Number of protein chains: 2
Amino acid sequence: MTAIKESSTIQENKQYALENCPVTFVMEKIGGYWKPIILWHLSNGMKRYSELKREIPAITEKMLIQHLKQLEADGLVIREAKPVVPPFVTYRLSNAGEGLLPVIEAMAAWAFKVKDGEFL
Amino acid sequence: MTAIKESSTIQENKQYALENCPVTFVMEKIGGYWKPIILWHLSNGMKRYSELKREIPAITEKMLIQHLKQLEADGLVIREAKPVVPPFVTYRLSNAGEGLLPVIEAMAAWAFKVKDGEFL
DNA sequence: ACAAGTACTTACCCTAAAGTATGTATTATG
DNA sequence: CATAATACATACTTTAGGGTAAGTACTTGT
């Protein structure tokens, strides 16, 4: 008989990981399928909502807006709305968001090395 | 009436992201709550299965072995088993796995900057 | 009058990831 | 002979993320 595990929910483990692992902290911010893609598209500067939509055709509007809100709440992007009609809303990286670019570049570098078979 | 979206499943989107976004490629490999933590614990060298288990108390054995297998299948860690009893199995980073350390360090650096309020 | 464009919102569903609880093989040791 | 230690395996359930489909508000153009 194996020792019985005391209860441990996803939330508790999330908490554990967040406090103990900086990588998990980053994952929380930029994890999921869409957030990195959105950040990538914002890395060349400010974009309108509709521009992002056009540039990432596979994303649904729900996902796009949902992640933009999340990124905004996490302080990675800045939303600016001009009170005109039709609405004119732009998104751009904050300082913290731009601070992530080296991380993204490190990831990209690794990905290309793997694909080039450099680790074989 | 909003334009009707042509069908797009999770798998298709995954494919799109994987092909278009190196960050997603990396996420595929080290995403989830446990993989980065496991990699982190392996970054100081080879560890036995039971050592990992002890060092990451919140993880369940199912998650630990499942992610170790995944990491092995993705070529990030190397498993070595001595045919003795009780079993003696060790895990260590492969070259590709070690190649990820700069990524992890970049993440950690960013996480600490955020926590120190450097982006405010 | 109504379609079109912009930036959303909301209700509902489906799947993949994570967690729970248990079982297994082997041998040494008391 | 039963227990402990190691490194798993597996059936089942829960949860969170993602996707679908549709609606809203406001105004300009035809």
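These numbers come from a predicted model, not from an experiment. Numbers restart at 1 for each chain; the letters A, B, ... are given by sequence-line order, proteins then strands.
Rounded to whole Å, atom C1' of C/dA18 lies 14 Å from atom CD of B/Gln70. For the pair B/Glu61 CD and D/dT6 C1', the interatomic distance rounds to 9 Å; values are reported in whole Å. Between A/Glu51 atom CD and C/dT6 atom C1' there is a gap of 13 Å when expressed in whole angstrom units. One atom, CG of B/Leu71, and another, P of C/dA17, lie 14 Å apart when rounded to the nearest Å. Note: CE (B/Met63) to P (D/dT13) measures 17 Å, nearest angstrom. Computed from coordinates, the B/Ile56 CD1 to C/dA18 C1' distance equals 15 Å when rounded to whole Å. Remark: C1' of D/dA9 and NE2 of B/His67 are 16 Å apart, rounded to the nearest angstrom. If you measure from atom NZ of B/Lys35 to atom C1' of C/dA17, you get 11 Å, rounded to the nearest angstrom.
For the pair B/Ile104 and B/Pro36, the minimum side-chain heavy-atom distance is 4.5 Å or more. Looking only at side-chain heavy atoms (C-beta outward), B/Leu64 and B/Lys53 come within less than 4.5 Å of each other.
Proximity note for B/Arg79 (side chain, C-beta onward) versus D/dC8, C/dT6, D/dA21: the nearest is D/dC8. For B/Arg48, whose side chain is taken as the heavy atoms from C-beta onward, the closest listed nucleotide among C/dA7, D/dT6, D/dC8 is D/dT6. Taking every side-chain heavy atom of B/Tyr49 into account, D/dC8 is the closest of C/dA7, D/dG17, D/dC8. Side-chain atoms of B/Lys62 lie closest to C/dA21 of the nucleotides D/dG19, C/dT6, C/dA21. Picking from D/dT6, D/dT20, C/dA7 the nucleotide with the shortest atom distance to the side chain of A/Thr60 gives D/dT20.
B/Glu51 and B/Tyr91 are not linked by any side-chain donor-acceptor pair at a separation below 3.5 angstrom, with hydrogens and angles left out of the test.
Here NZ of B/Lys115 is found 10.0 Å from CH2 of B/Trp110. Values are rounded to the nearest 0.5 Å.
Between A/Trp34 and D/dG17 there is no side-chain polar atom (N or O) within less than 4.0 angstrom of OP1 or OP2. Between A/Ser50 and C/dA7 there is a side-chain polar atom (N or O) within less than 4.0 angstrom of OP1 or OP2.
Nucleic acid contact for A/Lys69: sugar-phosphate only, since backbone atoms but no base atoms lie under 4.0 Å from a heavy atom of the residue. As judged by a 4.0 angstrom heavy-atom cut-off over every strand, A/Ile65 is placed among the base-contacting residues.
Both B/Val85 and B/Tyr91 lie close to DNA chain D; mapped to their nearest nucleotides by heavy-atom distance, the more 5′-ward contact belongs to B/Val85.
Residue pairs meeting the salt bridge (charged side-chain N to carboxylate O under 4.0 Å, His left out) criterion with at least one partner in residues 35-50 of chain B, sequence neighbours excluded, are B/Lys47-B/Glu55.
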